[in-house]
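Residue numbers start at 1 and run along the sequence shown.
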Amino acid sequence: MGAEEHRQKADRVQAGFAIVTVSDTRTPETDENYRYLHERLKRDGHRIVLYRIVRDEPHEIEAALSDIAALTEAQIALFNGGTGISPRDRTYDVIAHHLEKAIPGFGELFRMLSYEEIGAAAMLSRATGGLY
């Protein structure tokens, strides 16, 4: 399958997304990341099958990941928040530990796109992607 054919086929895929915001301070009313993700995913025909806010605590992040893995409706889990370098940022540490196959290009692309918006601070993100 050529690149263009693959791209066209991928454009027709509608997936179930689970979105987890990792934050000690956000609420559903102040979660701008969720609103952005929800709007973009719905616009592209995807479904949101779970939304949750958890504190930046390893056991809460791990519990959310476990709950999502049990959902047959969720094909993709998006964890946002807690991916920086501060002592409270633990999302990467928990998620990376569970990945069966890492996709390094995801984090590289995320940082490149973030750099275009926010500049050098983008390099502080430990965004990652992979299969679980």
Side-chain angles (χ1 to χ4, degrees):
M1 176 182 320
E4 185 56 36
E5 185 181 358
H6 180 74
R7 193 173 4 265
Q8 288 175 2
K9 184 177 178 183
D11 284 343
R12 292 189 303 265
V13 173
Q14 295 179 334
F17 281 77
I19 299 173
V20 178
T21 296
V22 180
S23 174
D24 293 331
T25 59
R26 296 232 173 116
T27 67
E29 296 76 33
T30 63
D31 191 352
E32 294 179 27
N33 285 350
Y34 172 71
R35 282 195 296 276
Y36 173 83
L37 292 168
H38 182 267
E39 178 184 310
R40 295 290 299 259
L41 293 169
K42 287 289 214 181
R43 181 190 73 198
D44 292 341
H46 301 293
R47 301 175 322 280
I48 310 302
V49 300
L50 178 139
Y51 166 61
R52 184 179 297 173
I53 297 175
V54 300
R55 291 178 300 150
D56 211 332
E57 295 291 342
H59 68 277
E60 290 191 29
I61 298 166
E62 190 144 337
L65 181 61
S66 180
D67 290 348
I68 292 166
L71 288 175
T72 57
E73 305 90 7
Q75 289 82 41
I76 300 172
L78 290 176
F79 282 74
N80 71 93
T83 61
I85 60 171
S86 81
R88 292 287 301 151
D89 290 331
R90 301 200 184 113
T91 303
Y92 171 84
D93 304 307
V94 173
I95 300 297
H97 175 73
H98 290 284
L99 294 180
E100 296 169 20
K101 289 187 179 185
I103 305 172
F106 177 88
E108 294 164 3
L109 178 61
F110 181 87
R111 283 181 285 281
M112 181 194 77
L113 295 171
S114 294
Y115 179 80
E116 293 172 0
E117 286 190 32
I118 65 170
M123 78 173 103
L124 301 176
S125 170
R126 295 185 297 156
T128 191
L131 302 178
Y132 174 66

Query raised in the report: With a 4.5 Å heavy-atom cut-off, do Phe17 and Leu37 have their side chains touching?
Result: no
Query - Hydrophobic cluster membership, Met123 vs Ile85, 4.5 Å side-chain cutoff - result: yes
**Report entry** Heavy-atom pair of closest approach, residues Asp93 and Arg126
**Finding:** OD1-NH1, 3.1 Å
Report task. Evaluate salt bridge (charged side-chain N to carboxylate O under 4.0 Å, His left out) for Arg111 paired with Glu116, printing each intermediate quantity in order. Result -> CA-CA 9 Å; Arg111 283 181 285 281; Glu116 293 172 0; over 6 Å; no
Query raised in the report: Do the side chains of Leu41 and Leu109 join up, straight or via other hydrophobic residues, at under 4.5 Å, putting them in one cluster?
Result: no
Query raised in the report: How long is the span from the CD atom in Glu62 to the CG atom in Asp67, to the nearest 0.5 Å?
Result: 11.0 Å
Query - Atom of Val49, atom of Gly16 and distance for their closest heavy-atom approach - result: CG1-CA, 4.1 Å
Query raised in the report: Going by distance alone, is a donor N or O of one side chain under 3.5 Å from an acceptor N or O of the other, for Asn33 and Thr21?
Result: no
Query raised in the report: Do Ile76 and Leu99 belong to the same hydrophobic cluster, where Ile, Leu, Val, Met, Phe, Trp and Tyr are linked whenever their side-chain heavy atoms lie under 4.5 Å apart, directly or via other members?
Result: no
Report task. Report yes if the side chains of Arg43 and Arg40 come closer than 4.5 Å at any heavy-atom pair, otherwise no. Result -> yes
Report task. Provide the closest heavy-atom pair for Thr27 versus Ile53 in the form atom of the first, atom of the second, distance. Result -> C-CD1, 3.4 Å
Report summary line: One should read off an interatomic distance between Arg90 CZ and His59 NE2, to the nearest 0.5 angstrom, of 10.0 Å
**Report entry** Joint hydrophobic cluster, Leu65 plus Ile48, side-chain heavy atoms closer than 4.5 Å
**Finding:** no
Query raised in the report: Taking the side chain as C-beta and beyond, is there a heavy-atom pair between Asp56 and Asp89 under 4.5 Å?
Result: yes
Query raised in the report: Quick check: does any side chain N or O of Thr91 sit under 3.5 Å from a backbone N or O of Gly81, one acting as donor and the other as acceptor?
Result: yes
Query raised in the report: Between Glu60 and Val54, is there a donor-acceptor pair closer than 3.5 Å when you use the side chain of the first and the backbone of the second?
Result: no
Query - Closest approach of Ala127 to Thr83 (non-hydrogen atoms, all atoms of both residues) - result: N-CB, 4.4 Å
Query raised in the report: Honestly curious: do Tyr34 and Leu78 fall in one hydrophobic cluster under the side-chain, below-4.5 Å linking rule?
Result: yes
Query - Residue pairs fulfilling ring-ring contact (aromatic ring centres under 6.0 Å, His included) with at least one residue in residues 73-130, sequence neighbours excluded - result: His98-Tyr132
Query raised in the report: Of all heavy-atom pairs between Thr25 and Ser23, which one has the smallest distance, and what is that distance?
Result: N-OG, 3.0 Å
Query raised in the report: Is there a donor-acceptor contact under 3.5 Å from the side chain of Asn80 to the main chain of Val22?
Result: no
Query raised in the report: Stepwise, does the side-chain contact (heavy atoms from CB on, under 4.5 Å) test hold for Arg47 with Gln75?
Result: CA-CA 10 Å; Arg47 301 175 322 280; Gln75 289 82 41; 3.9 Å; yes
Requested in this report: Mind listing the closest non-hydrogen atom pair of Thr30 and Arg26 along with its distance?
Outcome: OG1-CA, 3.6 Å
